[in-house]
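Report on the following structure.
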Amino acid sequence: MLRSLFQGLLLSSGALAASPDFQALFAPSLSPGVEIASSSDANFKQVASPRWSVWHAPTFEAAIKPKTEEDVQNIVKIAGQNNISFLATLNGHSSNLLYSNLQNALNINLANFNSVTVDPVTNRMTVGGGVTFGNISDPLAEAGKEMQTGNAVCVGLVGATIGGGIGTLQGLRGLVLDALESVRMVTAAGEIVTASNKENPELFWAIRGAGANFGIIVSATYSVYDWTNQGRVTLANFGFHPSANRSVWELLKSYDDYIPQKLALIPSITYNRTINETNIGFGLVYYGTQREAQPYLDQLAALNPATSTVQNITTAEMHEIFSRGACDAGYRRNVFTIGLRKTDPTTYERTLSDLTEFYETYPDYSGSFAIQRYSNEAMLQVPDESTSYPWRDIGAYMLFDNDYTDPALDDIVENFSRGIRSRFEAVSGFKEPQVYLNYDHGDEPLTQTFGASKLPKLRALKKQWDPLYRFGYANPIY
Ligand SMILES: Cc1cc2nc3c(=O)[nH]c(=O)nc-3n(C[C@H](O)[C@H](O)[C@H](O)COP(=O)(O)OP(=O)(O)OC[C@H]3O[C@@H](n4cnc5c(N)ncnc54)[C@H](O)[C@@H]3O)c2cc1C
Ligand SMILES: *[C@@H]1O[C@H](CO)[C@@H](O)[C@H](O)[C@H]1NC(C)=O
Ligand SMILES: *[C@@H]1O[C@H](CO)[C@@H](O)[C@H](O)[C@H]1NC(C)=O
Ligand SMILES: *[C@@H]1O[C@H](CO)[C@@H](O)[C@H](O)[C@H]1NC(C)=O
Ligand SMILES: *[C@@H]1O[C@H](CO)[C@@H](O)[C@H](O)[C@H]1NC(C)=O
Ligand SMILES: *[C@@H]1O[C@H](CO)[C@@H](O)[C@H](O)[C@H]1NC(C)=O
Ligand SMILES: *[C@@H]1O[C@H](CO)[C@@H](O)[C@H](O)[C@H]1NC(C)=O
Ligand SMILES: *[C@@H]1O[C@H](CO)[C@@H](O)[C@H](O)[C@H]1NC(C)=O
């Protein structure tokens with residue numbers, strides 16, 4: 001078991017010793033013009049996909065930017081035959097402790113798989129495996145349609161889908177993976193298969209929650225919906241002085257049992273280095289007019305915010321606002337998360353105080369702590385057993401996003417964040433910790449990320465489709 005799990009690591013060290021000629025090995029089997037670069041080549045940065053975080057990053061000896069399904073099939077086959085470890089990525093947003101096990105590997109950059117086609121008659125959208133959330137917003141808006149997405153434009157649609165996909169529209173539409181109808185995927189054997197409820201239904205079950213373990217998705221078809229409120233939202237942002245914190249947490253708590261489907265709440269803690277002060281932000285999104293949102297806006301206004309803005313904007317404009325700073329790449333960033341069902345104001349109060357001290361002690365540190373509170377009404381309408389995604393009952397997602405430049409802080413940040421996480425674990429309202437896979441850190445047991453009830457079937461399918469562990473470096477199913 002252990003051997004096969006770390007086979008990629010051992011074999012890639014072998015690849016370093018042998019240092020294959022990637023051009024000679026792959027080019028003859030790929031379509032004309034496919035870019036291949038070794039890490040020492042001047043154009044390597046253009047060929048390899050970007051990476052969001054330098055923390056525990058994988059290293060690549062070469063990169064290929066395939067153009068066709070057949071290219072991807074041939075790359076997977078040839079890499080397999082030559083024991084070359086590989087990782088297919090788009091913008092490299094996932095960060096995870098285990099990525100650094102992948103050294104001197106081959107990067108497969110999916111950026112050429114960028115097609116988006118919306119069919120307003122059948123209410124379907126088909127995309128390439130390399131489109132971002134931002135890439136689908138214009139084509140959908142032009143058709144008067146919408147689909148649930150994550151909040152930031154830079155994130156890969158398929159990459160996020162296969163681990164869940166959460167965002168402000170999820171109250172109305174469910175998880176992003178709930179919109180998935182079918183995929184075309186290159187398997188570990190280099191075959192191309194379709195997976196849907198009709199074809200390879202077990203594989204389709206596995207892909208919707210654990211997809212990065214099973215292959216490379218070259219195209220995906222989603223259900224789309226008529227847009228809500230003409231594609232516009234009411235977006236409000238309130239800023240509170242730390243002294244107001246308790247009433248903010250109490251307000252969040254008042255939503256523990258119920259939150260309207262059209263409403264999304266995102267309270268956060270950040271630090272302003274200009275004035276050396278902690279700031280409590282409170283983002284509010286309502287998929288309707290300001291008049292409809294007014295009762296919720298009033299609740300926040302009543303807590304005496306230091307600042308407040310309310311905007312009537314398109315969902316595309318909202319996503320651009322959410323992406324500012326969040327999408328910036330190249331820093332040491334990692335995330336800690338825990339799924340919540342309850343709000344314990346005292347835990348938040350302590351966290352605010354400890355974070356403030358941490359910000360003051362480490363001037364290089366500029367992380368943020370956020371809670372994403374969304375309705376899970378739509379996602380609960382999908383039967384639990386129909387997808388491998390395990391945690392449809394999470395009501396709020398803690399997203400503790402560490403951001404710094406000095407590697408000397410690694411252990412300090414790690415220790416501090418684990419402390420915060422375990423504190424929230426203790427008051428989450430769940431018996432066992434429930435971890436949203438797309439936000440995981442990499443140190444959680446598989447029962448917390450994939451779920452004990454889903455693991456037996458996932459393990460059996462992993463054996464069937466990827467027995468040699470070609471896929472799933474960050475979260476291997478074993
Ligand atoms: C700034 C930022 C904002 C985020 N916001 C949200 C959010 O609002 N909601 C949310 O749910 N998540 C969010 N995430 C988390 C995000 O869903 C995960 O990081 C996800 O893994 C990113 O996918 P990617 O394709 O962008 O990244 P990558 O690192 O390129 O890919 C992630 C994993 O998926 C695999 N993968 C990617 N594409 C494919 C494919 N076509 N076929 C098979 N495997 C593939 C990769 O091999 C890798 O293992 C955010 C992350 C960041 C950094
Ligand atoms: C790949 O690894 C396997 C198992 O370790 C080994 O049998 C095989 O010879 C290797 N192939 C190459 C091309 O190195
Ligand atoms: C898709 O999004 C990426 C990153 O957000 C951008 O660089 C690219 O130009 C977009 N592609 C298209 C076809 O819009
Ligand atoms: C948070 O609120 C509590 C209760 O009002 C208060 O005692 C505490 O000082 C506040 N925290 C900060 C950092 O201001
Ligand atoms: C920090 O505070 C200053 C002064 O109030 C303000 O102008 C600035 O916009 C704040 N910065 C951020 C990132 O909020
Ligand atoms: C903020 O803190 C930094 C570092 O501790 C210090 O250099 C700076 O003078 C402080 N700025 C203000 C406005 O207090
Ligand atoms: C929001 O903006 C749109 C477009 O400018 C406008 O038609 C609509 O009346 C506005 N709604 C509100 C509630 O202000
Ligand atoms: C680790 O974090 C705990 C709080 O969770 C703190 O008490 C302790 O001092 C930290 N240790 C180090 C070495 O930073």
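We count ligands from 1, going down the list as the structure has it; atoms in each ligand are counted the same way.
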Quick check: closest heavy atoms across Arg373 and Ala396, and the distance to 0.1 Å? CD-CB, 4.0 Å
Should Arg350 and Asp344 count as an ion pair when the cut-off is N to O under 4.0 Å? no
Lys/Arg-Asp/Glu bridge criterion (N-O < 4.0 Å) met for Glu414, Arg418: yes
List the protein residues in contact with ligand 3, where contact means a heavy-atom separation under 4.0 angstrom. Thr132, Asn135
Would a distance-only check, ignoring hydrogens and angles, find a side-chain to backbone donor-acceptor pair under 3.5 Å from Asn107 to Leu87? yes
Okay, side chain of His319, backbone of Ala152: is any donor-acceptor separation there less than 3.5 Å? no
For Asn272, take its heavy atoms, then give the atoms of ligand 5 lying under 4.0 Å from any of them. 1 (C), 2 (O), 3 (C), 8 (C), 10 (C), 11 (N), 12 (C), 14 (O)
Tell me, please, which residues at least two apart from Glu349 pass salt bridge (charged side-chain N to carboxylate O under 4.0 Å, His left out). Arg246
So is Arg273 actually on top of Tyr271's ring, under 6.0 Å and inside 45° of the axis? no
Please determine if Thr274 has a nitrogen or oxygen closer than 3.5 Å to a nitrogen or oxygen of ligand 5. no
Please identify which atoms of ligand 5 are closer than 4.0 Å to at least one heavy atom of Ile275. 2 (O), 4 (C)
